[in-house]
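This report concerns only the one structure given below.
Here is how names work: the chains are called A, B, and so on, in the same order as the sequence lines, proteins then strands, and each is numbered from 1.
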2 protein chains.
Amino acid sequence: MRILLAEDEPELNRALVAVFTKNNYSVDSVFDGEEAVTYLTEGDYDCAVLDVMMPKMDGITALKTIRKAGKTLPVLILTAKSEIDDRILGLDSGADDYLTKPFAVKELLARVRAITRRLTVGVDANLTYGNCTLSRSSYLLSAPGGEVRLTNKEFQILEMLMSAPSQVISPETFMEKIWGFDSDSDIGVVWVYVTYVRKKLAQVKANVNVKSLRGAGYTLEIV
Amino acid sequence: MRILLAEDEPELNRALVAVFTKNNYSVDSVFDGEEAVTYLTEGDYDCAVLDVMMPKMDGITALKTIRKAGKTLPVLILTAKSEIDDRILGLDSGADDYLTKPFAVKELLARVRAITRRLTVGVDANLTYGNCTLSRSSYLLSAPGGEVRLTNKEFQILEMLMSAPSQVISPETFMEKIWGFDSDSDIGVVWVYVTYVRKKLAQVKANVNVKSLRGAGYTLEIV
DNA sequence: AAAGATAAGCTTAAATAAACCTTAAAAAGG
DNA sequence: CCTTTTTAAGGTTTATTTAAGCTTATCTTT
């Protein structure tokens, strides 16, 4: 499995090369976006890991460039903060996943494994469960009763639930992954958004709802 | 859940012990790397939190040492801010995650949860004994007679029993591990929950019940 | 060895506390 | 402005704890 890594911090670059190598990937690494584009358009990689902030060309632009050139390989974006804008930008421009720094190496490996497993981009841009689908690019939730646009937070809640439909996700986990560790919002905001998501699911007559397991968290169920 | 904390700054050490204790971990704390190695090789911990800069032996060396000794427990490394080299060394040497100081306590707890979750939920999300299984993610107990959801406390009682089916667990141990060291609830609450667990086991027609050994504690038996 | 006495454990119902829901309105941000 | 997000408050439901009366095993005494 061949990976291209684009990361300008020398130490992190070196370390990630070591990690990937240790896990039986063959890695080429570059230190800026232009190099990344060159390698990706000319070489044959199974996956790319791109930092956002890089000299000469940022990761998002690099990604857009190679997508325009017809490259469909799975791409994982590294962002410095949990900047929603970066994230949306990344997904719009055809990223398959993103990871905010700092991250656990195991998580990086898991995500790389996940996106290389599908190996087709765009196909997985929609999530499906029950009779409804959620578009990752447009935030549109559609079901027999029509379609409705979700707001950012609503989308992230439902995305997390739909990408692991049998898992139980605790309000604290939502808080951590969506609002971030340093958020000082009350946990109650999760409850509010669960209500909103339920309303929108009902509005499009989805046969799916968000079930709460008191003391454990939320999970999706088909009614 | 047992944690070993190695941190040489006295105030931070004390504060973290307090935080972990409050969150129902049992913590042992040490102040240098050599002690950390001793405790970790001889004791039985579920997780370790190691500072990098410590007297006698640094955290990275301690980590490498225990990994060489075959310890696979999840380890989180604490590094002073922006010491990238330390961070990298940590990842190379087998750390599961790292956190740069200063950090938010919430984030520390979240990361410890994350790396220990792999331990419990990741591989072995279900417990089995006799003809019944208990799902760690949904708190669902299932057996030939159907399935039923356990509450938090019920789940923890049964989880402890099922993860060591032949062991006898005293009411005091339940109290300590589930309600916490500083709980001022009466021990009688354990009797109450044992009753509830028995009822639910019967409800799903499990061939398992909670046997009490007077003066000793409880254990599971197959009827 | 039988009769109480004592303590350990059992069960239930009611009271309390915590988790969760919903709505409306205020605040933040484009 | 208009939309999204957060806060706040009151309401509902469910989990947890308390408390009290109960059973059963073990121990004491005769």
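- Among D/dT4, D/dT16, C/dC21, the nucleotide with an atom closest to any side-chain atom of A/Y218 is C/dC21.
- More than 12 heavy-atom neighbours from other residues, nucleotides or ligands sit within 6.0 angstrom of CZ on B/F31.
- For the residue pair B/T128 and B/T133, no side-chain donor N or O sits within less than 3.5 Å of a side-chain acceptor on the partner.
- Taking a 6.0 Å sphere around NZ of B/K71, one finds it holds more than 12 heavy atoms contributed by other residues, nucleotides or ligands.
- For CZ of B/F103, the number of neighbouring non-hydrogen atoms (other residues, nucleotides, ligands) closer than 6.0 Å is greater than 12.
- Residue A/R198 places its side chain closer to C/dT22 than to any other of D/dT17, D/dT4, C/dT22.
- One can place CD1 of A/I187 at 19 Å from P of D/dA9, the figure rounded to the nearest angstrom.
- Taking every side-chain heavy atom of B/W191 into account, C/dC10 is the closest of D/dT5, C/dC10, D/dT17.
- For the pair A/K211 NZ and C/dC20 C1', the computed distance is 15 Å after rounding to whole Å.
- The interatomic distance linking A/R149 (CZ) with D/dC2 (C1') rounds to 14 Å, in whole Å.
- For the residue pair A/N13/A/S29, the side-chain donor-acceptor check at 3.5 Å is satisfied.
- An OP1 or OP2 oxygen of D/dT16 is reached within less than 4.0 angstrom by no side-chain nitrogen or oxygen of B/S185.
- Here the nucleotide nearest the side chain of B/R214, chosen from C/dA19, C/dG9, D/dT6, is C/dG9.
- Among the heavy atoms of the strands, none lies under 4.0 Å from B/G188.
- Atom CH2 in B/W179 sits roughly 13 Å away from atom C1' in D/dT18 (whole-Å rounding).
- Across the protein-nucleic acid pair, A/K199 atom NZ and C/dA24 atom P stand 8 Å apart, rounded to whole Å.
- The shortest distance between the side-chain N/O atoms of B/S212 and the OP1/OP2 oxygens of C/dA8 is not below 4.0 Å.
- Contact annotation: B/T195 side-chain N/O to C/dT12 OP1/OP2 distance is not under 4.0 Å.
- Following rounding to the nearest Å, B/I178 (CD1) and D/dT17 (P) show an atom-to-atom distance of 10 Å.
- Of the candidates D/dT5, D/dT24, D/dT17, the closest approach to any side-chain atom of B/V189 belongs to D/dT17.
- A straight line from CD1 of B/I157 to P of C/dC10 spans 12 Å, rounded to a whole angstrom.
- Between the C1' atom of C/dC20 and the CE atom of A/M175 lies a distance of 15 Å, rounded to the nearest Å.
- Comparing D/dT6, C/dC21, C/dT11 by their nearest atom to the side chain of A/V192 picks out D/dT6.
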